[in-house]
Number of protein chains: 2
Amino acid sequence: MGEPCYDSLLLENQLCFPLYACSREIIRRYKPLLDAIDLTYTQYIAMLVLWERQSVTVKELGCCLFLDSGTLTPLLKKLEAKGLITRRRSEADERSLIVALTQRGQSLREQAAQLPEQMCQCVGLDAEEKQQLSRILRKMMEQMQR
Amino acid sequence: MGEPCYDSLLLENQLCFPLYACSREIIRRYKPLLDAIDLTYTQYIAMLVLWERQSVTVKELGCCLFLDSGTLTPLLKKLEAKGLITRRRSEADERSLIVALTQRGQSLREQAAQLPEQMCQCVGLDAEEKQQLSRILRKMMEQMQR
DNA sequence: CTATAATCAGTTGCACACAATCAAATTTTG
DNA sequence: CAAAATTTGATTGTGTGCAACTGATTATAG
């Protein structure tokens, strides 16, 4: 009756930890770039959705970003305070709150446009690796959505 | 002089976002399992290091987990309050604080041992994909450490 | 040996994340 | 139509993350 094997508990053998560490590290790298346009990372990905769709409900935004209203509500109020978005109830369904870009929010897109390329440089992956990573992460998300 | 191209700003073309979303989703999946042993995810990865090393300084722990003292100090105080670890200053260097497992912290390892396998099932990747993912994330972290 | 620099944990303040709960509006059902 | 269930965003409380700063201790340069 020897010592049981704890290899699966080695930090090195974890799958989640490098994901978690990598994600935080990239966000840390984003910070100085995002500071320049006065956005946090979470605000930035919310703006990404708005730049694509012009206007979305909080619900839809939450689905896109996998975030709930407890995170989004205060964040959207800050974006509104900065004059980047507007928030108003839907006339069709008063429960829904429609978030839309202002002119100022719209024009911020131009300043954000160089950001992705600057970020790509520092991760140091080649095109194939990026492809693989993207595919695997997509598969994981699909598996976990059930 | 047409509309400039904003493809790089599409949420779908982001590399960081799926990493960030995936990481949070896995941690969400961990939660019910970790609740059973009364640990949060961050507390869990701190315990992983302690189960490997028996005792570490806060500084070393921070290096392992890429977390700073602002995150670790309150977290370690909670683990201490639960009776899983002890915290004492190093005699050799009074600036360093040594974190060590208690008997109770040690024995929690047995209950944690089934956790990784349960998690592996729900991510739904095959062995090769896990390998690839692991390799790519390690490479990214190395690139970014400079 | 002493003034200066570096190291380390702790504290503070801000910004998420998210579970749990709530309240208002809408949809479904009998 | 009216009661019940569902949907939706807001609120509250807990737990991170992290930058900036503090204070104590140790290392180092002159």
Side-chain angles (χ1 to χ4, degrees), chain A residues 16-17 19-32 34-35 38-47 56-82 85-99, chain B residues 16-17 19-32 34-35 38-47 56-82 85-99:
Chain A
C16 183
F17 173 68
L19 220 49
Y20 163 76
C22 230
S23 159
R24 281 186 296 115
E25 181 62 33
I26 297 188
I27 291 172
R28 210 181 345 257
R29 294 309 183 101
Y30 260 111
K31 187 166 191 315
L34 286 171
D35 280 349
D38 191 31
L39 289 179
T40 64
Y41 180 73
T42 319
Q43 288 168 4
Y44 168 66
I45 59 175
M47 292 300 289
V56 283
T57 64
V58 174
K59 172 73 172 172
E60 289 167 330
L61 188 57
C63 286
C64 291
L65 302 180
F66 306 95
L67 291 170
D68 73 0
S69 67
T71 303
L72 290 176
T73 297
L75 183 148
L76 292 172
K77 284 181 178 175
K78 272 168 212 153
L79 289 179
E80 186 183 35
K82 293 186 208 190
I85 64 166
T86 58
R87 297 163 70 246
R88 64 182 167 79
R89 293 278 162 189
S90 161
E91 286 166 25
D93 185 342
E94 292 274 346
R95 292 170 307 180
S96 295
L97 191 141
I98 299 175
V99 180
Chain B
C16 181
F17 174 67
L19 221 49
Y20 165 75
C22 229
S23 160
R24 283 187 297 114
E25 181 62 32
I26 297 190
I27 291 172
R28 208 178 351 253
R29 295 309 184 102
Y30 261 112
K31 184 162 193 317
L34 287 171
D35 280 347
D38 191 31
L39 290 179
T40 64
Y41 180 73
T42 319
Q43 288 167 6
Y44 168 67
I45 59 175
M47 291 301 288
V56 283
T57 65
V58 174
K59 171 76 173 170
E60 289 167 332
L61 189 57
C63 286
C64 291
L65 302 179
F66 307 96
L67 291 171
D68 74 1
S69 67
T71 303
L72 290 176
T73 297
L75 183 148
L76 293 172
K77 284 182 177 175
K78 273 167 211 150
L79 290 179
E80 185 183 37
K82 293 187 209 192
I85 64 166
T86 57
R87 298 164 70 248
R88 64 183 167 79
R89 293 278 164 191
S90 161
E91 286 167 23
D93 184 343
E94 292 275 346
R95 293 170 304 179
S96 295
L97 189 139
I98 298 176
V99 180

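Numbered from 1 within each chain, the chains take letters A, B, ... in sequence-line order.
For B:Lys77, the listed nucleotide lying nearest its side chain is C:dG10; candidates were C:dG10, D:dG9, C:dC16. Considering only side-chain atoms of B:Ser96, the nucleotide from D:dC18, D:dT11, C:dC8 that sits closest is C:dC8. For B:Tyr20, counting side-chain heavy atoms from C-beta on, the closest listed nucleotide (C:dA9, C:dA17, C:dA24) is C:dA17.
Here B:Thr71 lies in heavy-atom contact (under 4.0 Å) with a base. Residue contacts shown for B:Leu75 are limited to sugar-phosphate atoms, with no base heavy atom under 4.0 Å away. Using a 4.0 Å heavy-atom distance criterion, A:Thr42 is classed as a sugar-phosphate-only contact. Contacts of A:Asp68 with the nucleic acid, taken as non-hydrogen atoms under 4.0 Å apart, include base atoms. Looking at heavy-atom distances under 4.0 Å, A:Leu67 makes contact with sugar-phosphate atoms alone, never a base.
For B:Thr40 against D:dG15, a side-chain-to-base donor-acceptor contact under 3.5 Å is absent. The base of D:dA10 is paired with the side chain of A:Ser69 by a donor and an acceptor separated by under 3.5 Å.
Residue B:Arg87 is the one, among B:Arg87 and A:Arg95, whose nearest nucleotide of DNA chain C lies closer to the 5' end (criterion: closest heavy atom). The 5' end of DNA chain C is approached more closely, in terms of each residue's nearest nucleotide, by A:Gln43 than by the other of A:Gln43 and B:Lys31. If you find the closest nucleotide of DNA chain D to A:Val58 and to B:Asp93, the one lying nearer the 5' end belongs to A:Val58.
Distance, A:Ile45 CD1 to C:dC16 P: 10 Å, rounded to whole Å. The interatomic distance linking A:Leu97 (CG) with D:dT7 (P) rounds to 19 Å, in whole Å. Atom CZ in B:Arg28 sits about 16 Å away from atom P in D:dT16, given to the nearest Å. To the nearest angstrom, C1' of D:dG17 lies 14 Å from CG of B:Leu76. Here the P atom of nucleotide D:dG15 and the CZ atom of A:Arg24 are 18 Å apart, to the nearest Å. We find that CG of A:Leu72 is positioned 11 Å from C1' of C:dC18, with the value rounded to whole Å. The nearest whole Å value for the distance from the CZ atom in B:Phe66 to the P atom in D:dT16 is 19 Å. The nearest whole Å value for the distance from the CD1 atom in A:Ile26 to the C1' atom in D:dG17 is 16 Å.
Note on ring orientation: taking the six-membered ring where Trp is involved, the planes of A:Tyr20 and B:Tyr41 are perpendicular (angle over 60°, cut-offs 30° and 60°).
Contact check, B:Lys78 against D:dT14: no side-chain N or O comes under 4.0 Å of OP1 or OP2.
B:Lys78 places no side-chain N or O within donor-acceptor distance of the main-chain N or O of B:Gln43, the cut-off being under 3.5 Å. A side-chain donor-acceptor contact under 3.5 Å links B:Arg89 to the backbone of B:Arg95.
Minimum heavy-atom separation, B:Thr71 to B:Leu67: CG2-CD2, 4.2 Å. Listed here is the closest heavy atom pair of A:Ala46 and A:Leu65: CA-CD1, 3.8 Å.
Taking 4.0 Å as the cut-off between side-chain N and carboxylate O, B:Arg28 and B:Glu25 count as a salt-bridged pair.
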